[in-house]
Amino acid sequence: MPQNKTLNPDYFIWETHGIHAGTGSDHVKHGVDELEKITELAIERGYPNISFIIHTPRLTRYRYAAERRLGVKFIRGNHAYFNYPKQMASLKSKYGNQISIRYGIELEWLGPDLGMQWNRSKIFQAQNADFVIGSLHFSREGIPYDGSLEEAEQLMKIRGGAENYWAGYIEELIEMVDSSWEIIQVVGHLDLPKLFVPIPQPLLDLDNSDHFLARRMRFLLEMISEFNLTLDVNLAGINKGCGIYPDISILMRAKQLDIPISLGTDTHTIQNLGNHHERGIKYAHEAGYQHYLSYSKCIPEKRPLRNNGFKEEKYKVLNLGIELLNLRFEDRKQRRIPKFSFGGSYRTFLEHHKNSTTLGDFEAIRIRKGNKSVTISDTLPSSSRNKVKGLFSHHKDEPGVLSMIFNALASEEINVETAYLNSNRDGTATAFLTLTGDIHAIKEAVEFVKGTGGDSFIEIRVGDNLDIPELRKGKKYVLEVDGVNLPIAVSQHMILSVHNNSSGVLLILLSALASQNINILDLRLGHRGQKGYAILGIEGNASLAHNILTQLGMQFFETSHLLLNEIE
């Protein structure tokens, strides 16, 4: 099996519109069927990532000439499309420890009526896709824009010339964006018709032209900007002889509107894997871009166009913070662009993020949206070595043990103000709690735990001079949530709770998790006024954890299931 190289290529793109997965036994071949072969080739070349994409099947009315001749329906592999998520899961299982694998779908725009309902069903069928690209290949007349010169001439004849040909295309794109902006992340190859019909001059002079085509393209770009969509910088046009999509003049206008970009080769053969990465990066840089987006679970990740080790590592922290924050919002609000504050060595980002603010020497990034924020770093935060009063426990690292402590405390009407829990990774865990309540009642609760906990507790005691456990080391750390100090190493599977800060409330969450055999590996608990905050690193069944969070009741203002795609 190939081994991933430690050094990345000099020019590499985390593609969005990447390698098209094939259609298997379909009459019309489309894309790469040898997915394992191309994944192994990417690993051999030292690529950190490979991105797959598949076309959604189309309504029968929308067919290329060859497809009509063959009588092919449910175009481009209906069976292959249904199988696509399983194929991706199999690839991740086999190669996921050697290369990051992302996958998405290219949604064919087929009109706002039946076509829109058809497309919604196709999104559900491609479970857990990392991104959705909205693309327009077919005119409302059913004739493709990228089929052949003969088909393009046929459509120009119907519409009455090249300008009307392009005008129809732009209006259909406007319709697509207006109807689909909530279900797509990226707008694909914006000037696709130039493959057979050259771009009219007004579209090359968007800053000055008063022509109706220029006005409509400007409006389209403004829509893309307002809906926070990303523009596909698509390199497939290089091989086809019409240049990168979109034209540099359109891309420069997009940059003026702060429209983010994604990049991809839109390749359909193994031979084109990674082609033109250097040219694509330089093209985007020429238009004024400093970074681009890739996608994980439909959440944008910022990446530098000019790759170097320092910046790449810092972008990983930024992307993880964006993912953590966005997972606290419902799907439609994840598309809103957050605001940033940068401190310490992260202040180099200030020049590339408009309206961002500085955190001074604080080595962290704060990412905020509305009244929610996450502060994150890759530097282990310093901890106070002062002796403090509280409850110390050294116990078995098993589901339900921590809830025994909270249960006994709640029975005596004692509230837990702050909590620190670390798994020691040796079958035991260490916890430290600060409490409010009568000291005699606290001691009663501790004695109850000792008497009823069996052999689950190695040591549990209350004292005035106890050490707070040291923070478990990790690659990245959450430092604050909504400004509340909650230092914790980031793990793959986490839960964030914002709840009523009163006795017994957190016991509900701990008991619910224990009932599903979900173990708590790390815990930080804090509060601000009447709001308690808890962030937990857990292990166990993700579906059970997600479902149980919906059943906790009104005392919980927020329960976010933070199932992270990767921790690089």
Side-chain angles (χ1 to χ4, degrees), residues 381 383-384 386-424 428-437 439 441-442 445-446 449 453 456-464 466-472 477-491 494-514 518-539 552 555-556 558-560 562:
S383 58
S384 170
N386 295 332
K387 301 283 187 177
V388 292
K389 180 178 180 178
L391 183 154
F392 170 85
S393 174
H394 184 205
H395 52 263
K396 286 187 176 179
D397 188 12
E398 295 175 348
V401 177
L402 187 64
S403 65
M404 291 186 200
I405 303 175
F406 276 75
N407 186 69
L409 293 170
S411 73
E412 298 289 347
E413 301 180 43
I414 297 160
N415 192 33
V416 180
E417 291 280 293
T418 61
Y420 303 82
L421 170 76
N422 289 332
S423 169
N424 297 320
T428 70
T430 305
F432 179 83
L433 315 178
T434 62
L435 311 168
T436 57
I439 186 61
I442 293 172
V446 170
V449 171
S456 294
F457 291 88
I458 301 162
E459 180 184 4
I460 181 167
R461 59 191 172 91
V462 179
D464 292 328
L466 301 177
D467 291 318
I468 296 176
E470 287 199 14
L471 192 65
R472 180 176 66 84
Y477 304 89
V478 172
L479 305 183
E480 301 169 348
V481 175
D482 301 347
V484 176
N485 188 43
L486 292 173
I488 190 170
V490 177
S491 54
M494 305 183 81
I495 289 173
L496 171 65
S497 165
V498 183
H499 51 269
N500 194 316
N501 182 31
S502 59
S503 301
V505 175
L506 196 62
L507 174 62
I508 299 171
L509 173 59
L510 300 181
S511 299
L513 294 174
I518 294 167
N519 194 28
I520 299 167
L521 301 178
D522 303 275
L523 168 68
R524 293 294 178 272
L525 176 65
H527 69 94
R528 181 171 56 229
Q530 295 302 308
K531 282 186 178 180
Y533 284 78
I535 186 165
L536 302 81
I538 64 174
E539 64 178 1
L552 298 181
Q555 296 278 50
F556 289 83
E558 176 187 345
T559 50
S560 296
L562 308 175

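Just the heavy atoms: all of them, side chains too, but no hydrogens, waters or symmetry mates, feed the values below.
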Discussion item. Go through it in stages, so that I can follow the logic: the residues are V416 and F406, the test is side-chain contact (heavy atoms from CB on, under 4.5 Å), and I'd like the CA-CA distance, side-chain angles, deciding distance and then a yes or no.
Written reply: CA-CA 8 Å; V416 180; F406 276 75; 3.6 Å; yes
Fill in: Evaluation steps, side-chain contact (heavy atoms from CB on, under 4.5 Å), between F556 and N500
CA-CA 6 Å; F556 289 83; N500 194 316; over 6 Å; no
Worksheet entry | Working for side-chain contact (heavy atoms from CB on, under 4.5 Å), residues L421 and D522 | CA-CA 5 Å; L421 170 76; D522 303 275; over 6 Å; no
Worksheet item: Does the side chain to side chain donor-acceptor pair (under 3.5 Å) test come out yes or no for D397 and T428, once each step is laid out?
Response: CA-CA 4 Å; D397 188 12; T428 70; over 6 Å; no
Discussion item. The test is side chain to side chain donor-acceptor pair (under 3.5 Å); show your working for N424 and T430 and say whether it passes.
Written reply: CA-CA 7 Å; N424 297 320; T430 305; 3.0 Å; yes
Worksheet item: Where do Y533 and S497 land on the side-chain contact (heavy atoms from CB on, under 4.5 Å) test, with the steps shown first?
Response: CA-CA 6 Å; Y533 284 78; S497 165; over 6 Å; no
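A heavy-atom distance below 4.5 Å is found between the side chains of M494 and I535. In this structure, the side chains of L513 and I495 come closer than 4.5 Å at one or more pairs of heavy atoms. You'll find the side chain of H395 reaches within 4.5 Å of the side chain of V401, heavy atoms only. Looking at L510 and I520, their side chains come closer than 4.5 Å, going by heavy atoms from C-beta outward.
Among all heavy-atom pairs drawn from I442 and L435, the shortest one is CG2-CD1, 3.7 Å. When all heavy atoms are compared, the tightest approach of V484 to R528 is CG2-NH1, 3.5 Å. Shown here for A512 and L552, the closest heavy-atom pair between the two residues is CB-CD2, 3.8 Å. Taking both residues in full, the closest heavy atoms of I405 and V449 are given as CA-CG2, 4.2 Å, listed atom of the first, atom of the second, then distance. S403 and A514 get closest at one heavy-atom pair: OG-CB, 4.3 Å. Annotation for L486 and G526: closest pair CD2-N, 3.4 Å, computed over non-hydrogen atoms.
For the atom pair OG (S491) and CD1 (I538), the distance works out to 8.0 Å, reported to the nearest 0.5 Å. Within the model, atoms CG of L507 and CE of M404 stand 12.0 Å from one another, a figure rounded to the nearest 0.5 Å. Atom NZ of K396 is separated from atom OG of S456 by 6.0 Å, given to the nearest 0.5 angstrom. We find the CG-CD1 distance between L509 and I518 to be 9.5 Å, quoted to the nearest 0.5 Å. Remark: L506 CG to L409 CG distance equals 11.0 Å, nearest 0.5 Å. The NE2 atom of H499 lies 11.5 Å from the CD atom of Q530; values are rounded to the nearest 0.5 Å.
For the pair S511 (side chain) and I508 (backbone), a donor-acceptor distance under 3.5 Å is absent. Between the side chain of R524 and the backbone N or O of I488 there is no donor-acceptor pair closer than 3.5 Å.
For T434, the side chain to side chain contact (heavy atoms under 4.5 Å, CB included) partners are E417, T418, F432, not counting sequence neighbours. Partners of A489 under the side chain to side chain contact (heavy atoms under 4.5 Å, CB included) rule, at least two apart in sequence or in another chain, are R472, Y477.
A 6.0 Å sphere centred on CD of E459 holds more than 12 heavy atoms belonging to other residues, nucleotides or ligands.
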